[in-house]
Amino acid sequence: MLRLGMTNPPYILEHLEEMAKILNHPRVYAFLHIPVQSASDSVLMDMKREYCVADFKRVVDFLKERVPGITIATDIICGFPGETDEDFKETLKLVEEYRFPSLFINQFYPRPGTPAAKMEQVPASVKKQRTKELSQLFHSYNPYDHKIGQRQHVLVTEESFDLQYYVAHNRYYEQVLVPKDQAFMGKMVEVEIFEAGKHYMKGNPLSDCKVYTPSITKPLQKGKVSGLSEECKSLLNNGSSTRVKPPEERGEASLHEERMKIVYFLAAVVAVLIAFLGAKLYQSEILGN
């Protein structure tokens with residue numbers, strides 16, 4: 001499975017159709033991280049962002065329509081210099097409208113030497129309060145409750161931090177915890193969701209589920225190398241018994257190809273020498289003047 005990372009609205013506004021096709025591919029997670037940072041156009045302008053809130057909404061609405069169930073993650077900065085109460089309320093409304101299942105909340109910090117550090121700062125207490133208010137809004141809804149009882153195919157990739165479960169992801173890159181069974185690691189498993197938290201779901205493997213490796217081609221055996229030409233494979237398979245044919249045993253086309261390689265090499269050497277001598281002459285003229 002392939003997961004696309006992060007992008008900003010202006011980078012994909014002209015490629016939405018193509019993005020939707022990619023995200024609908026069965027081997028691509030229907031997931032995209034699109035930072036909005038603020039739902040106030042005036043704040044975005046102060047941030048020197050190259051988009052407005054309408055651009056962000058257009059991208060999200062389009063992908064939600066064309067890629068059913070897609071997970072949209074986003075970032076928000078609380079307390080950027082110049083952010084008013086009205087600006088922040090617009091951000092709260094955006095989160096309430098889209099109920100992002102994954103939201104990265106950051107309290108603005110003025111990095112020394114940046115233009116934003118020279119702007120009039122929002123009081124620390126206000127930044128802290130806005131961060132708290134946005135966090136409370138984010139934790140007021142559970143994005144996965146409606147998925148309890150669903151059957152999902154998940155790809156198991158790692159162990160959970162508490163070492164109690166294996167971590168898997170479904171088609172929408174939503175985290176699903178499954179029982180620790182060595183047979184599941186690196187495999188696609190069908191599970192039934194029986195519990196949902198804020199950032200995860202838990203699933204039980206179906207009794208009749210098929211556990212399989214989701215590879216396009218059969219995995220290579222240990223010691224095998226991919227991408228080798230047939231000639232190299234033949235050399236490896238036959239070992240020292242295979243020798244490279246001398247020039248007199250090769251075809252006329254092969255000899256012509258080797259001669260041309262020599263000609264190209266000599267031409268390259270001559271070109272380098274000419275360039276070197278030209279540079280020396282030019283340097284002599286400069287020093288002479």
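- Using modelled atom types, one finds no donor on one side chain facing an acceptor on the other under 3.5 Å when comparing E174 with Y29.
- The local environment of NZ in K93 is sparse, with at most 12 non-hydrogen atoms from other residues, nucleotides or ligands closer than 6.0 Å.
- Annotation: K198, atom NZ; neighbour count of heavy atoms from other residues, nucleotides and ligands within 6.0 Å is above 12.
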- Just do the side chain to side chain donor-acceptor pair (under 3.5 Å) check on S42 and S40 with the steps written out, would you? CA-CA 5 Å; S42 62; S40 166; 2.9 Å; yes
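- For H169 and F31, the ring centers sit 6.0 Å or farther from each other.
- Within 6.0 Å of atom CZ in R99, more than 12 heavy atoms from other residues, nucleotides or ligands are found, so the atom counts as buried in its surroundings.
- Closest approach of L16 and L63 over heavy atoms only: O-CD2, 4.5 Å.
- Between Y141 and F138, the two ring planes are perpendicular [angle over 60°; tilted spans 30° to 60°].
- With K147 contributing its side chain and A196 its backbone, the two residues share no donor-acceptor pair below 3.5 Å.
- A heavy-atom distance below 4.5 Å is not found between the side chains of V156 and K187.
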- Task: Take K202 and Y165, measure what side chain to side chain donor-acceptor pair (under 3.5 Å) needs, and give me the verdict at the end.
- Result: CA-CA 9 Å; K202 290 183 180 179; Y165 301 92; 3.0 Å; yes
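- Between R130 and E133 no salt bridge is recorded (no basic side-chain N to carboxylate O distance below 4.0 Å).
- Contact detail for P81 and D46: the closest heavy-atom pair is O-OD2, 4.2 Å.
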